[in-house]
Each structure stands twice: as structure tokens, then as C-alpha cells.
Amino acid sequence: MANKPSIPKGTRDFLPEQSLKRQFIFDTARKVFQQFGFVPIETPAMENLDTLLGKYGEEGDKLIYKILNNGDFLAKASEERLAAKDSQSVAFEISDRALRYDLTVPFARFVVQNQNELSFPFKRYQIQPVWRADRPQKGRYREFYQCDVDVIGSNSLLNEAELLCIVDEVFTNLGLNDVRIRINNRKILSGIAASAGMSEHFQSMTVAIDKLDKIGPEGVKEEMLRNGLPEAGVKKVLNLLKLKGEPVATLKMLAGAVVGSEEAYKGIDEVKAVLKALPEAVREKVELDLTLARGLNYYTGAIIEVGHDDFPSSICGGGRYDDLTGIFGLKEMSGVGVSFGADRIYDLMEEKGLFPETLKAASQVLFVNFGKEKVMSAIRTAADLRTEGLSAEVYPDEAKMKKQMKYANDKGVHFVVIIGEEEHKTKMVTVKDMLSGDQNSVAKKDLVSFINDKLS
RNA sequence: GUGGUUGUAGCUCAGUUGGUUAGAGCGCCUGAUUGUGGUUCAGGAGGUCGUGGGUUCGAGACCCAUCUUCCACCCCA
């Protein structure tokens with residue numbers, strides 16, 4: 001080991017046990033998505049740089065991984081910029097591609113590009129990794145998976161309601177029953193900004209109020225004042241945001257407070273409609289949180305976020321975007337979607353010990369290898385078990401029994417089947433139950449039913 | 001990107017104000033048991049102390065740089 005091999009900061013290897021757990025999350029999500037009629041798509045790991053730039057705000061642009069051009073890229077770059085050592089501007093000259101930062105923007109590009117192949121409303125899901133050049137910390141990685149569900153080409157608020165049902169269903173199926181599902185509407189926020197006379201500061205207002213539960217009203221006030229928002233407006237906003245509790249009543253009070261703002265009224269109506277469309281069981285889990293803002297600025301209507309009291313950051317988030325495809329040349333194509341952060345969900349579930357025990361099992365049956373013709377009998381019998389729907393493997397080497405037993409034990413195999421000299425002569429096999437330690441001699445033809453009996 | 005933090009055996013960690021051959025538990029390997037894992041017992045292997053410089057008679061301990069870990073900020077799944 002001259003040089004220890006390593007992987008880039010913020011990326012990870014996954015051992016079989018971890019990988020099985022991750023797949024449990026993906027499978028659970030996928031199953032729910034499909035039950036609601038969503039279909040899968042995939043897009044490339046890399047996009048053209050200009051597809052991604054400018055979609056996530058200034059901060060977002062910095063976190064996009066740019067891919068160095070191939071060939072003699074320096075020869076083509078402008079001498080001035082190279083000499084000026086301005087990394088920002090040089091970057092665009094030597095990089096044309098980038099790793100995708102999320103799945104939503106590539107999806108918008110995909111829809112525009114494949115519009116003639118799709119029928120709308122188009123409901124798709126997508127489970128793929130994304131990359132961000134963020135500093136790693138708890139629940140934050142440089143490579144992580146998102147599980148996105150979006151419906152595009154429909155303005156109906158039934159979609160928002162359906163997504164909330166999906167969110168509830170996925171977390172329930174994962175065994176995470178105490179998540180907090182919060183919703184809000186950007187039109188409400190926009191209306192609040194307008195009625196406080198700070199429409200032009202909308203962006204920095206949302207960023208600030210999103211931190212309310214973290215830094216408190218004083219902190220938010222400070223930040224807004226620091227960013228040059230008018231004091232009177234700041235006070236008014238903070239006052240409105242004090243409203244909370246039962247959604248319908250809250251909305252009613254809010255409506256009284258933002259008199260004259262058509263946009264706020266519209267947002268209020270939208271939230272009401274979404275709540276109305278929800279089944280009772282889901283509606284009672286959804287909180288209206290007027291301080292929920294979300295950083296990504298392409299959201300225009302409903303916004304959704306899921307968190308957990310024992311986890312520092314959100315584990316799922318999304319919202320409606322009226323014109324994401326517009327930038328790529330397709331107007332009038334509103335979409336709404338949510339994204340599950342698989343890695344954060346994994347961390348949370350691991351912390352809570354919520355993964356099912358059964359995920360560990362590998363093969364159900366291992367055949368001990370006794371070499372030569374006896375292993376042929378094992379191979380045939382293993383094949384028979386597989387046709388019966390059992391998972392079975394034959395140890396590949398003629399190793400010491402002890403070693404083979406240990407392998408079965410380490411791997412968590414339930415049964416070990418021994419076909420050695422004795423068994424070969426008598427057409428019997430020896431079955432050892434590794435959990436109980438019991439050992440039985442059974443006729444080879446009865447092996448399947450014997451094991452099935454034990455399993456049931 | 002800013003500030004802080006961490007790195008010693010495969011893993012989790014000890015290692016006194018700088019002082020001989022760097023330790024433990026678990027794991028791993030071998031044997032007791034050449035057809036029996038997990039339990040028990042006996043033995044064994046394994047570390048250029050993250051990396052590169054420096055201070056010192058002497059560095060795992062001190063200094064600098066760098067990488068990595070975790071945390072806060074920014075922002076976010």
C-alpha cells in the first residue's frame with residue numbers, strides 16, 4: 001500500500017448491507033410512484049453547462065460541478081481572461097458540460113426536447129444521483145440521490161393534492177410516521193411582500209423568513225434590515241407571519257390582513273383548494289406554514305417541504321413552477337413536483353433503526369461443496385430450489401467444511417445443505433438450520449417442501 | 001467560499017510535561033474438532049501513528065502546509 005486509494009470528498013462507497021437498505025428506499029418510493037400512474041425516465045449525468053447555469057441562483061451556480069473540456073482547451077481560451085486569472089470567466093471558456101445539480105431542470109429540458117413524444121399531462125418519476133460542490137456535513141453530500149415525481153402540463157391543483165398523498169404514502173411505507181409535512185404558497189408570500197411594499201426585495205425576503213424557526217423573529221428582522229429592506233415593511237411581514245395554527249382559520253385571518261393584494265388572495269384560494277382535495281387522513285397531517293419559503297426561485301405556486309424533528313435539514317421538498325420550460329422555449333407548461341432526498345432519509349432511518357431486519361438475508365440456502373461428482377448433485381439440487389422460488393448457492397471451492405459453514409454464517413444464510421459421501425449413497429441430504437442449529441436428514445426429493453415448511 | 005474540528009492495527013479507541021522494542025477491546029488467521037458455523041479454550045499475524053516539510057540530541061505528541069472527517073455559516077435533498 002504505497003498510496004492508499006481514496007474517493008473524492010463527500011462521496012461514499014456502499015457495502016452490501018447499506019446498498020440493500022438504499023434499495024429498500026428506492027423500491028418503496030418507486031412502488032408508490034407507479035401506483036399513482038407515474039412513469040420512469042432517465043437523463044444523462046452531465047448536461048450542457050448553459051442548460052444548468054442561472055437556474056439555481058448565484059449560489060447555485062457556484063456549486064455546479066463543471067467538466068473540463070477535452071482536447072487542447074487552453075489554446076482556444078482567451079489570453080486576456082487566462083492572464084487575468086479570473087476563474088469565473090475562464091471556467092466558461094474551458095468547460096461546456098457540467099454534472100446535473102438536480103433532476104428538475106434536466107426534466108424541464110427533457111420535456112421541451114421530447115415534447116412530441118410525450119402526451120400531457122406528463123407524470124414522470126426519476127431516481128438518479130445529482131452532484132453539488134457543497135461542503136459536506138451532516139445530511140449533506142457531494143453525490144446524492146434524489147427521487148423526483150413531477151407532473152407537467154397541468155394547472156390543476158389536484159396534482160398538488162396527489163403529490164401530498166404520495167409524500168404521505170412513501171413515508172408511511174418507510175415506517176417514518178412522525179415526519180412534518182409543511183406547505184405554503186409563493187403567491188401568498190409574494191402578496192405579503194407587495195402589501196408590505198417590498199416586492200422588489202422578494203428574493204431576499206423569502207431567504208430571510210425561511211430561517212424564522214431557526215434564528216427567530218429578531219434574527220430574521222436583523223437579516224432583512226441588513227439587506228436593505230425598509231423597516232416598516234419588515235415589521236409588517238413579521239406580524240403577518242405570526243399567524244399559524246389551523247389552516248383554514250389562518251388563511252381567513254391572513255386574507256383580512258393583506259387587503260387588496262390580488263396575488264395573495266389567489267395564493268390563499270389555491271391552498272384552500274389543495275387542502276380541500278386531500279383525503280381527511282392526509283389533510284390532518286399537513287401543516288400550513290407561512291414562513292416556508294424555499295430558496296429555489298423557480299417556484300411560483302405551492303411549495304412543499306418535509307422535515308423531521310430529529311433531523312437538521314429537510315428530507316423532501318418541492319413545489320409548482322409555472323415557467324421552467326419557458327427558458328428552453330416551451331411556454332404555457334406548468335409543472336409541480338417533489339423530490340425525496342434518499343440519502344437524508346437513509347441517515348434518518350438508520351438513526352431511528354427503521355430498516356426491516358429481513359433486508360440482510362442473502363441466499364436462503366447454501367450447498368456445501370464436497371468436490372467432483374458430489375458437487376454436481378448439489379448444483380442440480382440448487383437449480384431445483386431456484387425453480388421453486390428459493391434462493392440458493394453452491395460454495396464454489398472444495399474448501400474445509402468449517403470454512404464453508406463460516407461463510408454461510410457470516411452471510412446470514414438460513415439453511416446449509418450437505419451432500420457428501422454418506423448422503424450421496426443414500427439419496428438423502430443433511431439440512432442444517434443455521435438459526436436454530438437443528439440438523440435433519442431428509443430425502444432429496446423432499447428438500448423443497450422441508451425448507452418451505454420451516455420457512456412458513 | 002468563511003470559521004472551527006478530526007485523523008494511531010480491518011473497526012472503536014487509549015497513549016502522562018516531547019524520552020527505549022506504540023497498547024486495549026472487538027474483528028481476522030491457526031489449532032482443540034482432517035463432515036459442522038454461531039458459543040468456549042489455546043496460540044498467532046497485523047501499525048513507516050493521514051501525507052509532506054520543519055523544530056529538537058530525540059516527535060505519535062510541538063510548528064507549517066496539504067488531504068480527509070465532522071460541525072457552524074452560506075445555501076440546500
Side-chain angles (χ1 to χ4, degrees), chain A residues 1-12 15 25 29 56-64 87-88 101-104 127-148 167 203-204 206-208 210-211 214-215 219 223 293-297 304-308 311-318 337-348 366 368-371 374 395 398-424 429-439 441:
Chain A
M1 274 209 286
N3 286 314
K4 275 191 184 171
S6 62
I7 53 175
K9 182 195 278 216
T11 66
R12 295 142 309 149
L15 293 167
I25 295 174
Y56 310 107
E58 215 176 305
E59 281 300 314
D61 282 358
K62 289 184 197 157
L63 300 180
I64 294 171
S87 307
Q88 285 286 88
Y101 177 89
D102 72 355
L103 300 180
T104 308
I127 300 175
Q128 289 192 283
V130 302
W131 294 268
R132 295 182 190 177
D134 227 342
R135 277 257 182 118
Q137 53 179 283
K138 187 174 175 70
R140 178 173 300 193
Y141 305 99
R142 287 185 164 179
E143 178 184 60
F144 60 96
Y145 270 72
Q146 292 192 326
C147 313
D148 271 39
V167 165
Q203 180 68 23
S204 38
T206 56
V207 171
D210 207 28
K211 298 175 192 161
K214 207 168 172 183
I215 60 178
E223 172 160 340
R294 295 190 61 77
L296 292 177
N297 46 20
I304 302 168
E305 192 165 292
V306 183
H308 190 283
F311 204 76
S313 43
S314 67
I315 54 180
C316 176
V338 293
S339 177
F340 293 79
D343 300 74
R344 287 179 175 178
I345 293 170
Y346 177 101
D347 289 347
L348 179 57
L366 176 104
V368 175
N369 183 334
F370 279 94
K374 275 156 287 182
Y395 195 87
E398 187 185 345
K400 283 183 188 166
M401 173 95 111
K402 187 179 168 116
K403 183 167 174 158
Q404 302 194 36
M405 293 296 283
K406 186 165 160 42
Y407 172 85
N409 190 59
D410 290 347
K411 212 174 162 183
V413 173
H414 194 152
F415 299 100
V416 170
V417 173
I418 297 165
I419 308 177
E421 201 62 51
E422 294 294 312
E423 292 83 356
H424 199 60
V429 298
T430 299
V431 183
K432 175 155 185 170
D433 184 326
M434 297 297 279
L435 301 183
S436 64
D438 296 345
Q439 198 159 307
S441 188

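No experiment lies behind these values; they were computed from the predicted model shown. Throughout, protein chains are lettered first and strands after them, A, B, ... in sequence-line order, and every chain is numbered starting at 1.
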Discussion item. Measuring from the side chain of A:Q146 (C-beta onward, heavy atoms only), which nucleotide among B:rG37, B:rA72, B:rA77 has the closest atom?
Written reply: B:rA77

Worksheet item: With a 4.0 Å cut-off on heavy atoms, is A:G57 in touch with a base, just the backbone sugar-phosphate, or nothing at all?
Response: nothing

Practice prompt. Could you check how far OH of A:Y407 sits from C1' of B:rU36, rounded to whole Å?
Written response: 17 Å

Discussion item. If you only use heavy atoms from C-beta on, which nucleotide in B:rA77, B:rG37, B:rU36 is closest to the side chain of A:S314?
Written reply: B:rA77

Fill in: Atom pair distance, as rounded to whole Å: CD1 in A:I25 and P in B:rA77
17 Å

Worksheet item: Has the side chain of A:E423 got a donor or acceptor atom sitting under 3.5 Å from an opposite partner on the base of B:rG35?
Response: yes

Worksheet, complete the sentence: Among the nucleotides B:rC75, B:rU36, B:rA77, whichever has the atom closest to the side chain of A:K214 is B:rC75

Worksheet item: Starting at NZ of A:K400 and ending at P of B:rU30, how long is that distance when rounded to a whole Å?
Response: 7 Å

Fill in: Distance between C1' atoms of B:rA22 and B:rA65 (Å, rounded)
26 Å

Fill in: B:rC26 and B:rA32, which share atom name C1', separated by this distance in whole Å
22 Å

Worksheet entry | B:rG37 OP1/OP2 closer than 4.0 Å to side-chain N/O of A:K411 | no

Response to the item:
Against the side chain of A:E59, the closest entry in B:rG35, B:rC74, B:rU36 is B:rC74

Discussion item. Using a distance-only criterion (donor-acceptor N/O pair, under 3.5 Å, no hydrogens), is the base of B:rU36 paired with the side chain of A:K432?
Written reply: yes

Worksheet item: Separation of A:N409 atom CG from B:rU39 atom P, in whole Å?
Response: 8 Å

Worksheet, complete the sentence: Here the distance between atom P of B:rG38 and atom CG of A:L435, to the nearest Å, is 15 Å

Discussion item. Does A:Q439 contact B:rU36 through a side-chain donor or acceptor facing the base, at a distance under 3.5 Å?
Written reply: yes

Worksheet item: With sugar-phosphate meaning primed atoms plus P, OP1 and OP2, does A:G317 contact a base, only sugar-phosphate, or nothing at under 4.0 Å between heavy atoms?
Response: sugar-phosphate

Item to complete: Please map the stems of RNA chain B, keeping only stretches of three or more Watson-Crick or G-U wobble pairs with both distances under 3.5 angstrom.
Response: B:1-4 with B:70-73, B:10-13 with B:23-26, B:28-32 with B:40-44, B:50-54 with B:62-66

Worksheet item: Of all the nucleotides listed (B:rC74, B:rC71, B:rU36), which has the minimum atom distance to the side chain of A:K138?
Response: B:rC71

Discussion item. Within this structure, what is the CD1-OG distance for the pair A:I418 and A:S441, rounded to the nearest 0.5 Å?
Written reply: 10.0 Å

Item to complete: Could you give the distance separating B:rA9 and B:rG3 at their C1' atoms, to the nearest angstrom?
Response: 34 Å

Discussion item. Heavy atoms from C-beta onward define the side chain here; which of B:rC74, B:rG35, B:rC76 lies closest to that of A:R344?
Written reply: B:rC76

Worksheet item: Is the aromatic ring centre of A:F144 closer than 5.5 Å to the centre of the six-membered base ring of B:rA77, with the two planes inclined by less than 30°?
Response: yes

Worksheet item: What orientation do A:Y56 and A:Y101 show, parallel under 30°, tilted 30 to 60°, or perpendicular over 60°?
Response: tilted

Worksheet item: Given B:rG35, B:rG37, B:rC76, which nucleotide is nearest the side-chain atoms of A:R140?
Response: B:rC76

Worksheet item: Looking only at atom C1', what distance separates B:rU69 and B:rU51, rounded to whole Å?
Response: 15 Å

Practice prompt. Could you give the distance separating B:rU30 and B:rC62 at their C1' atoms, to the nearest angstrom?
Written response: 44 Å

Discussion item. If I pick the C1' atom on B:rG7 and the same atom on B:rC49, what distance separates them, to the nearest angstrom?
Written reply: 10 Å

Worksheet item: Under 4.5 Å between any side-chain heavy atoms of A:K138 and A:D347, yes or no?
Response: no

Worksheet entry | side-chain N/O A:Q404 vs B:rU36 OP1/OP2, d < 4.0 Å | no

Worksheet item: Reckon A:G307 touches a base, only the sugar-phosphate, or nothing at all at heavy-atom distances under 4.0 Å?
Response: nothing

Worksheet item: Do A:C147 and A:Y145 have side-chain heavy atoms sitting under 4.5 Å apart?
Response: no

Worksheet item: Across the strands shown, which category fits A:G139 at heavy-atom distances under 4.0 angstrom: base, sugar-phosphate, nothing?
Response: base

Worksheet item: Can the positive tip of A:R344 be found less than 6.0 Å from the middle of the six-membered ring of A:F311, inside 45° of the ring normal?
Response: no

Worksheet item: Counting side-chain heavy atoms from C-beta on, which of B:rC75, B:rA72, B:rU36 comes nearest to A:R135?
Response: B:rA72

Practice prompt. Just jot down the salt bridge (charged side-chain N to carboxylate O under 4.0 Å, His left out) partners of A:R142, sequence neighbours excluded, or say none.
Written response: none

Worksheet item: Just checking A:V207: base, sugar-phosphate only, or nothing, at a heavy-atom cut-off of under 4.0 Å?
Response: sugar-phosphate

Item to complete: Check every strand shown and say whether A:K374 touches a base, only sugar-phosphate, or nothing at a heavy-atom separation below 4.0 Å.
Response: nothing

Item to complete: Could you check how far NZ of A:K9 sits from P of B:rG50, rounded to whole Å?
Response: 18 Å

Worksheet, complete the sentence: Shortest non-hydrogen pair, A:A293 vs A:T206, comes out as CB-O, 3.3 Å

Discussion item. Base, sugar-phosphate or nothing for A:I345? Non-hydrogen atoms, less than 4.0 Å.
Written reply: nothing

Fill in: Upstream residue (5' side of RNA chain B) when A:E305 and A:T430 are each assigned their closest nucleotide
A:T430

Item to complete: Grab the CD-P distance between A:Q203 and B:rC74 for me, whole Å please.
Response: 15 Å

Practice prompt. Kindly say whether A:P136 contributes a backbone atom to a donor-acceptor pair with the side chain of A:D134 at under 3.5 angstrom?
Written response: no

Worksheet item: Out of B:rG35, B:rC75, B:rA77, which nucleotide sits closest to the side chain of A:L63?
Response: B:rC75

Item to complete: To the nearest Å, give me how far apart NZ (A:K406) and P (B:rU36) are.
Response: 16 Å

Worksheet item: Cut-off 3.5 Å, side chains only: do A:E143 and A:T11 have a donor facing an acceptor?
Response: no

Worksheet item: Touch check for A:C147, heavy atoms < 4.0 angstrom, all strands: base, sugar-phosphate only, or nothing?
Response: nothing

Worksheet entry | Nearest-Å distance once atom C1' is located in both B:rG23 and B:rA72 | 35 Å

Item to complete: Take atom C1' in B:rG50 and the same atom in B:rU5, then report the distance between them in whole Å.
Response: 15 Å

Worksheet item: When rounded to the nearest 0.5 angstrom, what distance separates CZ in A:F370 from CD in A:E398?
Response: 9.0 Å

Fill in: Distance (rounded to the nearest 0.5 Å) between A:M405 CE and A:L366 CG
9.0 Å

Discussion item. Both A:I215 and A:A133 contact RNA chain B. Which one's nearest nucleotide lies toward the 5' end?
Written reply: A:A133

Worksheet entry | Selected nucleotide, minimal atom distance to A:R132 side chain, candidates B:rA72, B:rA77, B:rC75 | B:rA77

